[in-house]
Amino acid sequence: MTESSTNPWKTVRQSVVKMLSDVFCVSQDVVALSIEKPPDSALGDLASTIAFSLAKERKNSPVAIVNELLPKLEAVAAEDPLIKEVKTKGPYVNIFLDHGKMAELTVGSVLKYAGTYGRSEEFKNQRALIESPAVNPSKPWHIGHARNAILGDTLCNILDWVGYDAVRLDYINDLGLQIAQLIWKLMQVEEDGDDTKYDHYLGHLYVQVQETFDNSESVQEEIREVSRKLEDLESPEAKLSAKMVTRCLKAQCETSYRLGIYHDYQVWESAIAHCGILEIAQKMMLESDNIIRLDEGEKAGCIVADLSVIDEFKDMKDPYKILFRSDGTRTYTGADVALQLWKFGIIDDPFKYSIFEKQPNDQTVMRTDLQGKKGNLGKFDIVMNVIGSRQAHPQKMVYTILDILGYSKESDNSHHIAYEFVGLENVDFSGRHGTWIGYTTDDVLDKATELARVEVEKRNPDENDAFKNNVANQVAIGAVRYFMLNASPDRQITFRWNEALDFNGDAAPYIQYSHARAQRIMEKAEGESVSNLDLTILSGDAEFELVKAIAQFPEELLEVARSLKKNVWGTSFTSNRITAYAYGLANLFSKFYDSCPVLKAEPDVRASRLALVSAFKMTIANCLIVLGIPVVNRM
RNA sequence: GGGCGCGUUGUCUAGUCUGGAUAGGGCGCCAGCCUUCGAAGUUGGAUGUCGCAGGUUCGAAUCCUGCCGCGCCCGCCA
């Protein structure tokens with residue numbers, strides 16, 4: 001019996017690498033780099049281009065090198081049960097795996113690990129903090145905010161699956177200009193009596209304020225006054241603001257929960273302003289030679305970071321980045337640096353916490369609260385901020401200043417998970433101008449649910465409403481999440497209804513459907529006892545292609561985690577790699593489904609195919625869970 | 001002015017970091033497959049100067065240089 005593995009593909013790969021390394025007398029690292037997937041499975045399951053790199057130093061043609069060693073290669077391969085044969089084609093070494101043994105290893109492993117298949121420990125004992133989506137508590141989420149939230153949530157899932165202790169943080173800016181504008185307005189309008197969702201109500205109110213604001217200097221002055229009063233927590237303005245922000249945030253959370261997105265912590269700007277963290281940070285900064293209070297020039301009185309100590313910025317005309325203004329107040333960069341120091345545990349946790357609310361997943365989300373209890377978030381090894389790529393420069397400033405302060409390791413471990421914005425045809429989303437109206441995340445989910453409901457109705461006319469509504473909801477959520485994740489984050493999206501809500505082809509319902517089909521087969525065979533299960537008879541092409549894909553799931557998640565590397569503009573997160581994997585896996589199951597009858601097959605074949613269906617079902621379900629796409633049994 | 005990202009078929013896009021075998025998909029279009037585990041499925045077909053021009057290499061969508069188009073960023077703002 002073949003051993004089981006939490007990562008079957010890695011097991012196979014290592015086996016192949018070792019073989020090639022021995023035969024070609026090259027280190028395993030070098031061989032590993034030469035391994036690739038052949039473009040066509042008729043050319044093998046794995047291939048190596050090692051001969052190309054050896055040609056020069058061995059003064060021989062790649063083809064000759066390969067042919068010379070072929071007999072030895074064949075002899076070694078014969079020893080390994082996982083390898084069926086090795087062939088050469090030109091300079092390529094093509095490796096063909098043993099179908100039966102692969103099936104046994106893979107299916108056996110999945111059935112053994114079940115709900116944890118795909119989890120690995122490469123990044124264990126490390127803590128990751130993910131901040132997302134940080135929407136101002138003054139408006140409903142528009143579809144661009146959903147992109148942030150869905151990317152952040154899925155990133156967190158992936159980090160969790162590869163071994164990190166991953167914590168979800170949201171940042172609530174309850175002291176911004178937008179809040180002051182709304183408070184100014186709210187202090188003069190009647191309390192709303194209608195049942196408009198509160199974040200939507202505020203969003204519309206905010207659009208109204210803009211016109212007044214732009215056309216009246218006296219109004220601008222009044223709002224600035226409100227802004228000042230908000231900093232005094234005992235003022236009526238601040239008290240109204242606390243109420244408004246809480247109510248708005250709860251309304252926004254409803255949207256978040258619809259998408260299956262939950263948080264562990266919220267850090268509020270008002271808490272940052274009053275808990276003492278800024279004073280601590282300022283003192284710490286001034287102890288550094290590179291953070292100084294300027295005495296003269298345009299920026300006299302400001303506390304600034306001297307960027308010229310960093311090579312990249314040494315030629316700047318004005319290398320001083322302001323952290324605290326001449327009136328002593330913080331800039332965004334200043335506060336961000338303080339917060340980043342807190343995230344890494346460099347500043348001891350200065351916050352007090354209270355429960356914001358209990359979420360539908362039964363977990364409570366904690367908020368920073370000046371009236372709360374002392375807490376300790378602890379240290380994090382890596383910090384990821386999911387923010388639009390427009391903020392690449394400000395984010396880079398924060399990380400650079402960490403470096404200047406002497407925390408270069410923490411700077412390296414600070415990641416800006418950058419994504420491009422979602423736009424409409426010819427229009428940007430703007431809170432000010434109300435271009436989000438009609439494109440809120442709630443609107444999109446509602447519309448998606450409505451369309452899904454029509455499709456569910458067509459296929460399940462006899463089911464009850466509860467069933468139809470539930471499935472429509474699951475399909476809608478899946479479609480929206482998949483749409484956001486399947487677009488490479490560094491690509492701008494133009495939101496078009498027919499694309500976002502297309503339920504055919506490369507989309508979530510296809511994947512959910514493949515799971516439902518597998519589920520159906522399993523239901524029909526439920527309770528059957530199997531003796532002498534022989535997985536090695538799963539050797540047909542459709543079966544083998546499915547087995548191979550299942551084997552690669554753990555490695556796919558790891559590859560995404562490993563490729564979270566810093567670039568000039570931010571850290572790339574290839575969420576689309578997992579959606580593509582899920583689609584490919586579902587596609588191979590569809591092909592298997594069409595060409596390999598399960599329930600009608602001969603008893604021994606039937607038993608092994610049932611095991612394969614079960615392994616597929618577990619793998620695709622785990623993959624959907626990572627993507628946050630609902631797993632559907634019937635649709 | 002400086003910097004960053006994007007440019008692949010009618011259309012949307014994967015692949016680019018780490019060069020390798022006929023550039024994969026989806027939608028749309030054309031022609032098949034439901035008395036057989038659910039057709040939200042599947043099989044086959046047509047459609048490409050990988051923005052342009054050079055260069056490096058045995059080999060370039062991928063690396064280098066220059067250019068073009070689109071978007072974005074460079075405040076004691078927020």
Side-chain angles (χ1 to χ4, degrees), chain A residues 33-34 36 38-40 43 47 49 52-53 55-56 61-62 89-92 94 136 173 176-178 298-304 312 315-316 318 320-327 329-334 388-394 396-397 418 420-421 423 428 452 455-456 458-460 475 486-488 490-494 496 498-499 502-514 516-525 563 565 567-570 572 574 576-577 579-580 583-584 586-587 589-591 593-601 606 609-610 613 632 634-635:
Chain A
L33 287 173
S34 80
E36 56 182 56
D40 185 339
L43 293 166
T49 55
F52 288 108
S53 44
K56 219 166 242 172
S61 83
K89 175 155 186 187
Y92 292 92
N94 293 329
N136 279 327
N173 186 3
L177 180 67
Q178 302 193 0
E298 272 188 342
K299 295 178 178 173
C302 295
I303 295 175
V304 301
E312 187 183 344
D315 296 325
M316 280 175 84
D318 178 359
Y320 299 124
K321 183 74 197 168
I322 296 173
L323 303 175
F324 292 90
R325 303 182 187 103
S326 50
D327 66 0
T329 57
R330 65 196 177 276
T331 61
Y332 265 67
T333 306
S389 55
R390 289 179 184 186
Q391 294 206 48
H393 184 68
K396 190 172 179 164
M397 286 295 110
E420 276 293 340
F421 275 41
D428 249 13
E455 298 299 315
V456 175
K458 267 192 236 164
R459 294 166 175 87
N460 305 277
V475 168
N486 196 36
S488 174
D490 55 11
R491 194 178 274 277
Q492 288 165 235
I493 300 178
T494 301
R496 296 187 186 90
N498 59 342
E499 283 172 23
D502 185 354
F503 296 158
N504 296 312
D506 187 6
Y510 176 92
I511 303 165
Q512 291 170 316
Y513 180 64
S514 73
R517 280 171 141 186
Q519 170 68 21
R520 264 316 227 213
I521 294 177
M522 297 312 295
E523 280 171 12
K524 293 193 173 177
S563 64
K565 286 185 201 146
N567 282 308
V568 192
W569 73 92
S572 53
T574 50
N576 54 314
R577 183 161 175 161
T579 52
Y583 179 67
N587 188 234
F589 178 72
S590 295
K591 287 173 180 170
Y593 186 93
D594 268 22
S595 60
C596 303
V598 177
L599 299 173
K600 294 196 164 80
R606 177 186 153 106
R609 284 185 179 164
L610 273 172
V613 171
V632 180
R634 238 164 7 111
M635 59 193 282

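The shown structure was predicted, so the numbers you read here are calculated from the model rather than taken from an experiment. Chain identifiers are assigned alphabetically (A, B, ...) following the order of the sequence lines, protein sequences preceding nucleic acid strands; residue numbering begins at 1 within each chain.
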Discussion item. Say we look at G10(B) and G32(B): how far apart would their P atoms be, to the nearest angstrom?
Written reply: 26 Å
Worksheet item: Does the side chain of T329(A) pick up a donor-acceptor pair with the side chain of D327(A) at under 3.5 Å?
Response: yes
Worksheet entry | Whole-angstrom distance between A60(B) and A23(B), as gauged at atom C1' | 12 Å
Practice prompt. For S488(A) and for D502(A), locate the closest nucleotide of RNA chain B by heavy-atom distance; then report the residue assigned to the nucleotide nearer the 5' terminus.
Written response: S488(A)
Worksheet item: Is a salt bridge present between E523(A) and R634(A), judged by a nitrogen-to-oxygen distance below 4.0 Å?
Response: no
Practice prompt. Give one of base, sugar-phosphate or nothing for V632(A), where a contact means two heavy atoms less than 4.0 Å apart.
Written response: nothing
Worksheet item: With ring centroids as reference points, do F52(A) and Y92(A) lie under 6.0 angstrom apart?
Response: yes
Discussion item. What stems show up for RNA chain B when you take Watson-Crick pairs (N1-N3 plus N6-O4 or O6-N4) and G-U wobbles (N1-O2, O6-N3), both under 3.5 Å, and require three or more consecutive pairs?
Written reply: B:1-7 with B:68-74, B:10-13 with B:24-27, B:29-33 with B:41-45, B:51-55 with B:63-67
Worksheet item: So what does N486(A) hit on the nucleic acid, given a heavy-atom distance under 4.0 Å: a base, only sugar-phosphate, or nothing?
Response: nothing
Worksheet item: Quantified in whole Å, what is the C1' atom distance between nucleotide G24(B) and nucleotide U36(B)?
Response: 32 Å
Item to complete: Using the P atom on both, measure G19(B) against A61(B) and round to a whole Å.
Response: 14 Å
Worksheet item: Looking across every strand, which nucleic acid part, if any, lies under 4.0 Å from S389(A) by heavy atom: base, sugar-phosphate, or nothing?
Response: nothing
Discussion item. Using a 4.0 Å heavy-atom cut-off, does Y593(A) contact any base of the nucleic acid, only the sugar-phosphate backbone, or nothing at all?
Written reply: base
Worksheet item: If you look at every strand shown and take non-hydrogen atoms under 4.0 Å, does N136(A) touch a base, only sugar-phosphate, or nothing?
Response: nothing
Discussion item. Classify Q391(A) by what it touches in the nucleic acid, base, sugar-phosphate, or nothing, heavy-atom distance under 4.0 Å.
Written reply: nothing
Worksheet item: Going by an N to O cut-off under 4.0 Å, is there a salt bridge joining R390(A) and D428(A)?
Response: yes
Item to complete: Report yes if the side chains of I511(A) and F589(A) come closer than 4.5 Å at any heavy-atom pair, otherwise no.
Response: no
Discussion item. Taking any heavy-atom pair under 4.0 Å as a contact, classify I322(A): base, sugar-phosphate, or nothing.
Written reply: base
Discussion item. Checking Y593(A) against S514(A): is there a side-chain donor and acceptor pair closer than 3.5 Å?
Written reply: no
Worksheet entry | Within-4.5 Å side-chain heavy-atom neighbours: K299(A) and S326(A) | no
Worksheet item: Which part of the nucleic acid, if any, lies within contact of A487(A), taking any heavy atom under 4.0 Å across all strands shown: a base, the sugar-phosphate backbone alone, or nothing?
Response: nothing
Worksheet item: Reckon R520(A) touches a base, only the sugar-phosphate, or nothing at all at heavy-atom distances under 4.0 Å?
Response: base
Worksheet entry | Spacing of the C1' atoms in U22(B) and G15(B) (rounded, Å) | 16 Å
Worksheet entry | Sugar-phosphate, base or nothing in reach of N576(A), heavy atoms under 4.0 Å | sugar-phosphate
Discussion item. Classify K299(A) by what it touches in the nucleic acid, base, sugar-phosphate, or nothing, heavy-atom distance under 4.0 Å.
Written reply: base
Worksheet entry | Close side-chain approach of M397(A) and K321(A), heavy atoms under 4.5 Å | yes
Item to complete: Mind telling me if C34(B) is syn or anti? Syn here is a glycosidic angle within 90° of 0.
Response: syn
Worksheet item: If you measure from the C1' atom in C50(B) to the same atom in U16(B), how many Å do you get, rounded?
Response: 11 Å
Item to complete: Can you tell me, in whole Å, how much space there is between the C1' of A53(B) and that of U13(B)?
Response: 26 Å
Worksheet item: When we call it a touch if two heavy atoms are under 4.0 Å apart, what does K458(A) touch: a base, just sugar-phosphate, or nothing?
Response: nothing
Worksheet item: Looking only at side chains, do Y583(A) and N486(A) share a donor and an acceptor under 3.5 Å apart?
Response: no
Discussion item. Counting the atoms with a prime plus P, OP1 and OP2 as sugar-phosphate, which does F52(A) contact under 4.0 Å by heavy atoms, base, sugar-phosphate, or nothing?
Written reply: base
Worksheet item: When the nearest nucleotide of RNA chain B is assigned to G176(A) and to K565(A) on a heavy-atom basis, which residue is associated with the more 5' position?
Response: K565(A)
Worksheet item: Between F503(A) and E455(A), does a side chain to side chain contact (heavy atoms under 4.5 Å, CB included) hold up when you go through it step by step?
Response: CA-CA 9 Å; F503(A) 296 158; E455(A) 298 299 315; 4.0 Å; yes
Discussion item. Heavy atoms only, 4.0 Å cut-off, all strands: where does R459(A) land among base, sugar-phosphate and nothing?
Written reply: base
Worksheet entry | For chain A, the stretch of RNA chain B it reaches, first to last nucleotide, under 4.0 Å of its heavy atoms | C4(B) to A78(B)
Fill in: Inter-nucleotide P distance (U47(B), G2(B)), Å rounded
44 Å
Worksheet item: Where do S590(A) and Y510(A) land on the side chain to side chain donor-acceptor pair (under 3.5 Å) test, with the steps shown first?
Response: CA-CA 10 Å; S590(A) 295; Y510(A) 176 92; 3.2 Å; yes
